[in-house]
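Down below is the structure, laid out as structure tokens.
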There are 2 protein chains.
Amino acid sequence: MTKPRYRRRKKDRPKEITAAAFDAFAEHGFAATTVDDVAKRAGVSKGLMYLYFKTKEELFKAVVKSVVVRRVDQLILEVETTELSSEAFIRGPLLSFLQKIPGSPVAIVVRLLISEGPRHPDLVDYYYENVVAKGLAAISGFLTRGVDRGEFRQSAVTGLPHLVLAPVMLSIIWGIIFTKQALDTDKLIATQIDMLLAHIKA
Amino acid sequence: MTKPRYRRRKKDRPKEITAAAFDAFAEHGFAATTVDDVAKRAGVSKGLMYLYFKTKEELFKAVVKSVVVRRVDQLILEVETTELSSEAFIRGPLLSFLQKIPGSPVAIVVRLLISEGPRHPDLVDYYYENVVAKGLAAISGFLTRGVDRGEFRQSAVTGLPHLVLAPVMLSIIWGIIFTKQALDTDKLIATQIDMLLAHIKA
DNA sequence: ATAGTTAATGACTCGCTGGTCAGCAAGTGA
DNA sequence: TCACTTGCTGACCAGCGAGTCATTAACTAT
């Protein structure tokens, strides 16, 4: 009995390949990653890659999109259905959501978008619409709801949800560049939230 | 009279080449930039590049270092010699310094470090020591001086100068990725400073 | 002038990698 | 079991770009 040289698994291939590609891109970035390297990681021949993805760029786009899975949608749902007071929600679910980001695949995608984004405007648009815009809108909407309820006062911050993301962004970048120099990203994000709340509380 | 095919300008070449390389890297990133492209921008043959820089990587390092010119040192000097009150200094010179960063060459360097940093640990160290560490120390020192003078109160913020940089970082990244979606970075940074001051004022 | 020095050129090599394709063999159905 | 479909392989190609080097010509010193 000889074991077959390969198995036909048309259905699972795309996911396996994008997963392998994600790992490879995470390690070396897009440009420095070889299609053949991705193929080896996926336990597949190079030729097969081109049956599922026409070009290396298309593979790249598929990888980015695969990470965008309803991560934000989940948060938005919580925002809309929570029973908590605005402050409690912010200090609880929102804070812990934010604190998870720097160590999540999102950080990798940010790195990839910084490196390759300028050459893929459509991909950037996609990411903006499905992640950033939605996320900002959710935060912004939540803040104005707090204002309506009399929990928060109106201020410049209400219209600048970016301030919530700022420490998250710094944490992501820090993690990418200064892997040596430790930074307590949880504390950084928590402190910013503290400050924001103190600033907008009615 | 025939005009010479080239001029010998050993002294000026390095600066001209790094300047051209900076432009090219800013446009296409490191990996996608051809040595020959840099050479053409500098009005020089490809062969000459290798007389001044042994490899493309060495050129890259030279470019990064060329941007690190005493930008921070200037700020530190101001910090140490200013006559202003701590708050006035923060709202004045420090704020305008921070607001200039997102549109400056520093933003380009950040992008390059994100893309290529992981493969150049020594370069990252250099940048950390000469720019980031110094900058953070300056801000941190300035804050504790404010505490000593009774202008500020002690708080978690005093030990987290990163909070000052966070909106700057977000602005830089935003500018790199979402060139379409406008963001009032000046306002973002100013609002953060407002909040920080309100939070730490005695 | 002119011989000597060296900044500068540009044609060349060579390894690498994205992409192709003819053939093969694993599954399928009768 | 045997023909047929098609997922999959791996050898191959073409182009590109980093790095080299023999040659040239712009300077310099005497």
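Order of the sequence lines fixes the chain letters, A, B, ..., with proteins taken first and strands second; residue numbering starts at 1 for each chain.
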Checklist entry - If you check the A:R8 side chain, which of D:dT5, D:dC27, D:dT9 turns out closest? => result D:dT5

Item to check | Close side-chain approach of B:M49 and B:D36, heavy atoms under 4.5 Å | outcome: no

Check: [N] base within 3.5 Å donor-acceptor of [X] side chain:
{"X": "B:K46", "N": "D:dG19", "value": "yes"}
{"X": "B:R5", "N": "C:dT9", "value": "no"}
{"X": "A:Y50", "N": "C:dG18", "value": "no"}

Checklist entry - Parallel, tilted or perpendicular: which describes the rings of A:W174 and B:Y128, with under 30° parallel and over 60° perpendicular? => result perpendicular

Next on the checklist: Would you call the rings of B:F60 and B:F30 parallel, tilted or perpendicular, taking 30° and 60° as the class edges?
Outcome noted: tilted

Checklist entry - Taking the nucleotide of DNA chain D with the closest heavy atom to each, which residue, B:Y6 or A:G47, is nearer the 5' end? => result A:G47

In whole angstrom, what separates [X]'s [atom1] from [N]'s [atom2]?
{"X": "A:D36", "N": "D:dT9", "atom1": "CG", "atom2": "P", "answer": "12 Å"}
{"X": "A:L48", "N": "C:dT20", "atom1": "CG", "atom2": "P", "answer": "14 Å"}
{"X": "A:K40", "N": "D:dT9", "atom1": "NZ", "atom2": "P", "answer": "12 Å"}
{"X": "B:K56", "N": "D:dC16", "atom1": "NZ", "atom2": "P", "answer": "15 Å"}
{"X": "B:M49", "N": "D:dT20", "atom1": "CE", "atom2": "P", "answer": "14 Å"}
{"X": "B:R9", "N": "C:dT9", "atom1": "CZ", "atom2": "C1'", "answer": "15 Å"}
{"X": "A:K10", "N": "D:dC8", "atom1": "NZ", "atom2": "P", "answer": "9 Å"}
{"X": "B:E16", "N": "C:dA8", "atom1": "CD", "atom2": "P", "answer": "9 Å"}

Checklist entry - Within the structure shown, what part of the strands sits under 4.0 Å from A:Y52 by heavy-atom distance: base, sugar-phosphate, or nothing? => result sugar-phosphate

Checklist outcome for this item: Heavy-atom closest pair (B:K61 atom, B:H120 atom, distance to 0.1 Å) is CE-ND1, 3.8 Å

Checklist entry - Where the side chain of A:K65 meets the backbone of A:L123, is there a donor-acceptor pair that is under 3.5 Å apart? => result no

Checklist entry - Between A:E57 and B:L51, which has a closest nucleotide on DNA chain C that is more 5'? => result B:L51

Item to check | Side-chain N,O (B:R13) to OP1/OP2 (C:dA8) below 4.0 Å | outcome: yes

